[in-house]
Structures are given as structure tokens and as C-alpha cells.
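A, B, ... follow the sequence lines: proteins, then strands. Residue 1 opens every chain.
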Amino acid sequence: MAGNTRFCLAIMAAALAGAASPAYADYATGLTPGITSTSREIYWLHSLAYWVCVAIGVVVYGAMMWAIARHRKSRGAVAAQFRENARLEIVWTIVPLLILVVLAVPATLTLIRMKDTAAPDLTIKVTGQQWRWRYDYLDQGVGFFSSLDTKSVDASKLRSGIDPAGVPNYLREVDNPLVLPIGRKIRLLFTSTDVIHSWWMPAFGYKIDANPGFINEAWTRIDQPGTYRGQCAELCGIGHGYMPAVVVAMNPADFDAWLATKKTEQASAAAGAERQWTKTDLMAKGQEVYGRICAACHQPTGKGIPGTFPALDGSPLVNGPVSGHMDRVMNGKPGTTMQAFATQLSDVDIAGVITFERNSWGNKTGDVVQPSQIKAARK
Amino acid sequence: MAEIALHGEEHGHPTGLTRWLFTTNHKDIGTLYLCFSLLMFFIGGSFALVVRAELFQPGLQFVSATTFTQMTTLHALVMIFGAIMPSFVGLANWMVPIMIGAPDMALPRLNNWSFWILPFAFVMLLSTWAMPGGPPTSGWTLYPPNSLQTGMAFPFVIFAIHLMGISSVMGAINIVTTIFNMRAPGMTWSRLPLFVWSWLITGFLLIGAMPVLAGAVTMLLTDKYFGTSFFSAAGGGDPVMFQHVFWFFGHPEVYIMILPAFGIVSQIVPTFSRKPLFGYHSMVYAICAIAFLSFVVWAHHMFTVGMPLAGELFFMYSTILIAVPTGVKVFNWIATMWRGSLTFETPMLWALAFIVLFTIGGFSGLMLGLAPVDFQYQDTYFVVAHFHYVLVTGALFAIVAAVYYWLPKWTGHMYDERLGKIHFWISAIFVNVLFFPQHFLGLAGMPRRIPDYAVQYAEWNMISSIGAFVFGFAQLLFLYNLIRAVRGRGPRATAQVWEGAHGLEWTLPSPPPYHSFTEPPKIDDAQAHS
């Protein structure tokens with residue numbers, strides 16, 4: 001038994017060393033202090049609460065270990081028969097109460113500051129959906145989706161044979177990060193188009209739930225340029241683990257330049273909807289969109305997951321009239337994971353993906369759907 | 001007297017399958033509950049091992065993201081409603097009547113029914129594996145709209161939860177009624193053993209909380225199949241309302257799973273300290289205070305959901321306030337041990353580990369209660385570590401302690417003490433290897449309920465999985481030790497069993513007769529609570 005005790009102590013010592021030693025920083029053991037005043041306050045509160053617990057633990061466990069070591073029958077201890085001491089009961093009720101006040105006061109002040117979203121320099125709407133984020137720069141007319149990077153997608157498949165250690169920022173990389181300026185007060189609005197998600201950015205010090213039909217808000221002011229990573233924190237279905245959030249913080253001047261570029265990009269993309277597309281171009285576009293948006297459920301093979309996600313390969317809907325197929329993609333199927341993509345994808349994206357689905361795997365309808373048809377159907 | 005004896009003889013020893021199917025005997029029903037919960041413990045544990053095997057390293061090696069998420073959902077449902085809760089009801093069935101000097105439970109036929117609902121509920125729940133689409137991928141909390149995307153399994157899961165709720169409420173009514181009406185003369189409220197006190201309060205929590213859960217899941221059912229929109233903003237509802245209703249049940253539920261554990265530890269610590277419980281009255285008040293607070297803290301599960309400042313502050317203050325009565329309990333256990341004459345038989349070891357490790361869960365609970373910091377902790381492995389410290393090293397350790405403590409009474413035979421100690425030490429060490437690193441993972445940014453993770457979390461996940469497998473398989477030692485005692489392999493147990501034990505259960509022979517206390521015992525101060 002003594003041997004067991006020593007082993008137990010060794011493990012606990014190793015765990016404590018792991019928690020304390022800076023050499024283990026890469027192994028990620030502690031809370032990040034973050035890069036905003038809020039995140040630093042939270043980190044400070046976390047440390048305060050932690051050390052209060054350690055102090056109480058030393059007293060409580062110390063008394064307990066003393067009794068275990070000294071007041072044991074094998075050492076000849078004879079049991080005293082004292083009981084009930086009102087004064088002692090009052091002391092160990094009042095003292096913890098005072099400790100709680102010490103914790104509650106700074107926590108209250110931090111919470112009040114966190115709630116102050118007044119007078120922002122910039123407002124961004126963050127929309128969660130299964131399973132990606134959308135960022136809209138309100139007042140700027142810029143908005144885009146942010147999905148898991150394709151290298152991570154490939155490596156994360158069941159028995160993919162790809163070592164995640166070789167994928168840069170595995171499961172924490174996106175195609176389009178949220179770009180933000182440093183030094184400005186940014187208000188973030190959170191909502192969702194389907195189920196509840198939660199946008200977590202540890203460097204900001206918080207996560208906020210994105211609820212369908214409701215808007216939550218928070219604010220941040222970033223101190224240092226850099227790339228910061230987080231992910232969805234509220235279980236939102238099977239793709240929950242594959243929904244990272246990445247923030248790139250830059251100087252205001254660089255941010256303004258980035259915003260201008262993004263505006264031009266989006267204008268030219270909108271122009272693409274007007275022209276006539278070739279089947280080859282639509283198939284290529286559709287394959288890209290399918291892999292990014294549809295494959296998570298309907299699978300790259302188009303076979304779906306029986307009982308959960310229907311197969312597109314050989315589906316009567318996909319091989320039926322174009323109008324029915326367009327309606328399903330654009331308006332979704334209420335009560336299921338199938339969303340209304342009309343509001344989420346561009347005319348070109350929808351035209352591409354429908355053309356792709358109607359001419360892939362065993363589906364050979366030969367149909368070509370033009371972006372102009374989608375544009376017309378929106379009215 | 002002769003008439004009573006004859007009467008007892010007549011119904012004395014039914015045998016075979018019908019004994020167990022039709023039994024109204026509290027000891028038989030207690031045994032059924034305990035065996036059932038042991039089975040569910042191994043089923044729920046095997047789901048957990050699938051989860052930990054998949055998390056052993058980054059990437060998906062064994063199961064799909066869908067199966068993984070279904071495993072986490074069913075692990076929780078089976079462990080909470082199948083293992084922990086029924087085992088406490090089983091302990092209450094066995095021990096409450098003989099601790100208060102009653103011949104049986106107040107409502108024996110109801111008792112039979114409340115048990116026999118459970119196997120059907122769990123067959124229905126587990127049969128969802130065979131349904132198209134499989135079990136829900138929404139976690140045991142069944143948050144809409146996510147849970148409304150479940151396939152054919154959805155109504156079966158909800159009806160299973162209804163059945164579990166009915167069983168729990170009937171069990172609770174029975175226990176409360178028994179404690180109120182069946183106490184032997186002289187068994188006054190201030191002489192009631194702490195285990196009985198803790199179950200009395202738990203009974204009220206069950207009666208208050210379970211119907212709320214039934215209401216919440218029924219609203220899910222009508223939202224999915226009957227066109228209501230309680231939880232859909234498009235129809236004027238609110239998905240967050242489900243969380244409020246659910247956690248109004250969910251938080252008392254947490255204390256339903258820990259108050260009886262407090263009661264058990266309050267029986268065991270005095271026995272092996274050979275010293276009366278230090279503050280009997282403050283222990284009872286603390287249980288009542290915790291039970292009251294449990295109904296006004298629910299939204300601390302939802303700090304990040306978007307609440308007004310006043311709401312966040314109220315739920316933060318009420319939550320951290322729970323630390324006070326909980327602290328009173330821990331201080332009283334230690335004061336009971338202080339200047340006692342301690343010995344460390346297996347039940348005492350489990351009870352001491354409970355005090356140490358449950359307190360760790362209490363510390364992380366206090367940290368989680370601080371609302372601003374919870375904006376970082378919420379929905380991470382820090383939370384997973386926290387509730388496994390209170391439910392595994394808390395509730396489960398107390399149940400194991402109780403089984404070792406009362407097993408000689410139930411079977412009339414001692415378990416293998418050496419094996420019990422080996423079981424204890426392996427469990428106590430590896431449960432920490434399993435759950436302690438999860439604190440680090442959560443702080444470092446790993447969310448809960450994800451099938452795959454970024455590579456910086458690989459080391460601690462691997463250590464945690466190793467802990468899980470050793471801890472899990474160590475429970476087979478427990479199973480072996482139980483079977484050994486039940487089959488009468490150990491030395492015979494005396495009526496007293498433990499040198500320092502006090503209370504009515506130790507006045508009966510080991511094992512007690514099929515019908516005990518057909519004549520009420522007389523209770524004086526000397527025999528009162530330990």
C-alpha cells in the first residue's frame with residue numbers, strides 16, 4: 001500500500017509540474033491571457049479563483065491528511081467523542097462567504113465592462129450554420145463564408161491515411177478568415193440560420209452563442225496584429241468539430257486596403273451572374289461548391305448516409321425536372337439539415353452545383369442550369 | 001406473534017423467475033435496481049471507451065463523426081438515468097426501511113412497477129442503434145433545433161425518457177412516503193440516519209424536477225410532429241427557452257445524483273472513525289440549503305446564451321453561494337475524522353477518495369460559477385473534467401463505497417478485502433489519469449463533444465484515454481468481488497460487520513431475514529444515528 005501511495009504522489013507531482021512548467025507550453029495546458037483588455041481581465045480572474053482554490057485545498061487536504069496520518073487506530077489512537085460546535089459551524093460558514101465576496105466583486109465589474117457594446121467603430125455580423133461561419137461587414141457591403149480548409153477536410157475523413165500532424169493548423173484553418181483592424185472597438189453580432197452554434201475566440205476571452213432567430217452581441221478591441229484561432233463550442237450536429245473560426249488582426253491601414261480589395265472582388269463576382277456559362281466551367285464551379293458545402297452530408301460519392309442524409313446519386317429529385325431540383329437547393333427542406341441555400345450562395349454557385357449534381361456519378365441528365373435562371377427564380 | 005410469523009412464512013420465499021417479476025419485497029427490488037444499474041454501468045462505460053478510443057489520437061480511426069456523437073449522447077443518458085439514479089434508488093430500497101425500522105416500503109406494488117418500467121425504457125433507448133439514422137447526435141441535453149434533426153429514433157428516445165421519469169417519480173414518492181409514515185417509534189427526525197435524510201430531500205427534488213423534463217421533451221415532440229413552435233423563432237418561439245426549461249430540471253438533477261452520495265459518506269466516515277458525525281444538525285441544514293439553491297441556479301449552464309446583465313449576476317451569485325453549504329459538509333466530515341480512531345477498510349478508502357476528489361470537482365465548480373470566466377470555460381473539456389469529478393469520483397465512488405459497506409449485510413459474506421483495496425487503488429489513480437488532464441485540455445481551448453481535435457491536444461488526450469481504459473477494465477475486479485460475495489465464497493459476516501457501525505441495519509443478522517422488523521424495534525439515543 002505504501003508503494004501505491006508513492007506512485008500516486010509521483011503522478012500528482014508530474015501533473016502539477018506539467019501544469020506549472022513553461023517547457024510544456026507547446027502542449028497547451030493553460031488558459032490564454034489573450035489579446036484584449038477583456039481577455040486579460042478574465043485571465044486574471046481565472047488565476048485569482050485558481051489560487052483561492054489552491055489555498056483552500058491546502059488547508060482542507062492538510063487537515064484531512066493530518067487526521068489520516070495521526071489519528072489512526074494502528075497508531076493506537078483512541079476516538080474522542082466530541083460533536084456539535086455551533087461556534088465552529090458559524091466560522092466555517094462565514095469565512096467561505098467572505099472569500100466568495102472577494103471573488104464576486106471583480107467578477108461583477110468585469111461582467112459590466114463586457115456588456116458595454118456602445119459606440120463601436122465597426123460592426124460585424126457573425127452567422128453560424130451547419131457547418132461554417134459567415135461574416136458580414138455591415139455598412140461596408142462585404143460578406144463571405146468561412147469554411148474548414150480543404151487539407152483538414154481531407155485528413156479528417158475516417159481512416160484517411162493522412163497524418164493530421166503534417167497538416168498545418170489541422171482543423172483550425174479556414175479558406176476565408178475574419179479580418180479585423182487592431183485598436184478599434186468592434187461590435188460583433190451573432191446569429192444562426194439553422195441550429196445553435198457558439199463562436200469561440202479564446203484570444204478575445206469569450207464565446208457567444210449564435211441562436212437562430214435571435215441576435216446576441218459582444219465587443220472587442222484587439223491590441224496586437226496576428227492570427228488567432230478558435231472554433232464552434234456548441235454541439236451543432238456531426239460537423240461540430242469541423243467549424244473553426246480564424247481571426248486575422250492587422251493595422252487599420254492594411255485593413256482598409258483589404259476591405260477595398262474585397263469590395264472589388266465581390267463586385268466582379270456579381271457581374272459573372274449576367275453572362276452565359278459553358279457546361280465545363282459550371283461543372284468545375286459546381287464541383288468546388290459541392291466539395292465545400294454539400295459533401296459533408298451527401299458525401300463526395302453522392303451516396304449520402306443511409307437513414308440520415310439522402311443519396312443524390314440516382315435520386316428521383318436530382319434526375320427529375322430542373323425546377324424541383326432548384327427549389328430544393330434554394331429553399332431547403334424544412335425540419336431537416338437541408339438548408340435554404342438561396343440566401344447563402346451566389347447565382348453562379350447554385351447554378352454550378354445543380355449542373356454538377358445532374359451530371360455526376362450515375363446521374364446523366366445532360367442539363368445545364370445557367371446563373372441567369374437562378375437569378376430569375378429568386379424573384 | 002405466531003400468526004405474524006406464519007404470515008411471513010406463507011409469503012416468505014417465492015422462488016424462480018416469478019419471485020423477481022412479481023416481487024413487492026423491498027430487498028428483492030433493491031437487488032433488482034442494483035443489478036440493473038450495474039449492467040447499465042458497463043454498457044454506458046463501453047460507450048465511453050469507444051469515445052476515448054477514438055480520441056486516443058487526432059484523426060478518425062475507428063468510428064465516424066456521427067457514431068462518435070451518438071456514443072456521447074447515449075453514454076450520458078445511460079449513465080445518468082440507467083446507472084447512477086437507479087443505483088441510488090436500489091440503495092434506498094434496501095436500506096431505508098431497515099434503517100428506520102420499517103417492515104417494507106410504504107407502497108410495495110408501486111415499488112415493483114417503478115422498477116419494471118426501467119428495463120423496457122432502456123431496451124427502447126438502446127434499440128435506436130438499430131433504427132435508420134441511429135440515436136440522436138444532439139447530446140443528452142437534446143437542445144433544439146439540433147435535436148429536431150434526429151431521424152426515426154427521436155420519438156423512441158423521448159418516450160424512453162418519459163418512462164424513466166415516471167419510474168423516478170414513483171420511486172421518489174414511495175421513498176418519501178416511507179420515511180414520513182413508516183418510521184419505528186422513537187425514530188424521530190433528529191435521529192434519522194443521514195442517508196435517510198439525504199434521500200428524503202432527494203425525493204422532493206425528483207418530484208419537483210422530473211415532470212419539468214417530461215414537459216420539455218414533450219414540447220420537442222410536438223414541435224417535431226404536430227406543428228407547434230415552442231422552440232422555433234419562425235413561429236414565435238425561442239430555442240433558448242428549451243434550455244431554461246431543461247436546466248430547471250437539469251440542475252436539481254445534478255443534486256439528485258449527489259445528495260444521496262453525501263448521505264452515504266456521512267454513514268461511512270463515522271463508522272471507520274469510531275466517532276459520531278461531528279455536526280449532525282448542520283449537515284441536515286446544509287442538505288436542505290443545497291436542495292433549495294439547486295432550483296435557483298439553472299442558468300449558470302447558459303451564461304453564454306445571451307442573458308441580460310442582471311440575469312448573469314443573479315445566477316452567478318446564487319451559484320457560487322452553493323459553495324458555502326457544500327463547504328460545511330466537507331468541513332464536518334473532516335471534523336468527524338479529527339481525533340477519531342481511523343481504520344481504512346475498502347468502504348472507508350472509497351469514502352475518503354470521494355471527499356478529496358469531489359472537492360476538486362467543487363473547486364472547478366466554483367471557478368465555472370464565475371460568469372465572466374465561464375465565457376472561456378463554457379462547453380470545453382474543463383466542464384467535462386468538472387462534472388466527471390462530481391459524478392464519477394463523486395456519485396459513483398460513493399455508490400461503490402456503499403456497496404462495499406453494505407454488501408456483507410446483504411449477502412452475509414465478506415468480500416475479498418485485498419481485492420477491494422486493489423480495485424480501489426487502481427480506480428483512484430487512473431480516474432485521475434483519465435480526468436485530470438481534461439482540465440488542461442479545456443483551458444487550452446479544446447471544446448467538448450468533438451470527434452477530432454487540433455494536434456496540440458494530442459498528448460493529454462492520449463494520457464486521458466490510457467486512464468480511461470485502465471479505470472474501465474478495473475471495474476471487472478469489482479464485478480468479480482461482488483459475484484464472489486453473492487455466491488457465498490467469503491468468510492461469514494457478523495450482524496455488526498464493522499466495529500464502529502451504529503444504526504438499526506446492524507442489529508439485524510447478515511443477511512437479514514426476507515421480512516425484517518415485522519415488529520417495530522425500539523429506538524433510544526444509544527442506537528440513534530451514527
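Atom CD1 of B:Ile355 is separated from atom OH of A:Tyr61 by 10.0 Å, given to the nearest 0.5 angstrom. How far CZ of B:Phe303 is from CG of A:Leu111: 8.0 Å, rounded to the nearest 0.5 Å. With values rounded to the nearest 0.5 angstrom, B:Tyr377 atom OH is found 10.5 Å from A:Lys207 atom NZ. Note: B:Asp238 CG to A:Asn211 CG = 7.5 Å, rounded to the nearest 0.5 Å. One finds the CE atom of B:Met337 at 14.5 Å from the CZ atom of A:Arg70 (value rounded to the nearest 0.5 Å).
The parts of B:Leu321 that come within reach of chain A are both its backbone and its side chain, each placing non-hydrogen atoms under 4.5 angstrom from that chain. Interface residue B:Pro144: only backbone heavy atoms are found under 4.5 Å from chain A. For a residue to count as touching a neighbouring chain, one of its non-hydrogen atoms must lie under 4.5 Å from one of that chain's; by this rule B:Met283 does not touch chain A. For chain A, the nearby part of B:Val330 is the side chain; its heavy atoms alone come within less than 4.5 Å. With a 4.5 Å cut-off on non-hydrogen atoms, A:Asn85 touches chain B through its backbone and its side chain both. Heavy atoms closer than 4.5 Å to chain A are found nowhere in B:Ala458, neither backbone nor side chain. Both the backbone and the side chain of B:Thr66 come within less than 4.5 Å of a heavy atom of chain A. In this structure, chain A has no heavy atom under 4.5 Å from any part of B:Ile422. Looking at B:Met316, the atoms closer than 4.5 Å to chain A (heavy atoms on both sides) all sit in the side chain, from C-beta outward. The contact between B:Phe363 and chain A is made by backbone and side chain atoms together, counting heavy-atom distances below 4.5 Å. Contact annotation for B:Gln376: both backbone and side-chain heavy atoms come within less than 4.5 Å of a heavy atom of chain A. B:Tyr453 touches chain A through its backbone: at least one of N, CA, C or O sits under 4.5 Å from a heavy atom, while the side chain does not. For a residue to count as touching a neighbouring chain, one of its non-hydrogen atoms must lie under 4.5 Å from one of that chain's; by this rule A:Tyr170 touches chain B with backbone and side chain alike. The contact between B:Asn332 and chain A is made by backbone and side chain atoms together, counting heavy-atom distances below 4.5 Å. Of the two parts of B:Ser273, only the backbone, made up of N, CA, C and O, holds a non-hydrogen atom closer than 4.5 Å to a non-hydrogen atom of chain A. Proximity to chain A involves both the backbone and the side chain of B:Leu352, based on heavy atoms less than 4.5 angstrom apart.
Proximity of A:Ile196 to B:Pro145: side-chain heavy atoms (C-beta onward) are separated by under 4.5 Å at one or more points. Counting only heavy atoms from C-beta outward, the side chains of B:Phe278 and A:Glu84 never approach each other to under 4.5 Å. The shortest distance between side-chain heavy atoms of B:Gln378 and A:Trp200 does not fall below 4.5 Å. Between A:Thr93 and B:Tyr285, every side-chain heavy-atom pair lies at or beyond the 4.5 Å cut-off. When side chains are defined from C-beta on, A:Asn216 does not count as touching B:Thr304, because their heavy atoms never get closer than 4.5 Å. Side-chain atoms of A:Phe82 and B:Arg339, non-hydrogen and from C-beta on, do get closer than 4.5 Å to each other. Considering only heavy atoms from C-beta on, B:Ser341 stays 4.5 Å or farther from A:Arg72 through its side chain. The closest side-chain heavy-atom distance from A:Ile68 to B:Phe344 is below 4.5 Å.
In A:Lys333, the NZ atom is not crowded: 12 or fewer heavy atoms of neighbouring residues, nucleotides or ligands sit closer than 6.0 Å.
Counting heavy-atom pairs closer than 4.5 Å to chain A, the top residue among B:Gln149, B:Gln70, B:Arg274, B:Arg449 is B:Gln149. Each of B:Ala234, B:Gly340, B:Ser147 has some count of heavy-atom pairs under 4.5 Å with chain A, and the biggest count is that of B:Gly340.
A salt bridge links A:Lys73 to B:Glu499: one of the charged nitrogens lies within less than 4.0 Å of a carboxylate oxygen.
When all heavy atoms are compared, the tightest approach of A:Cys53 to B:Leu366 is SG-CD2, 4.2 Å.
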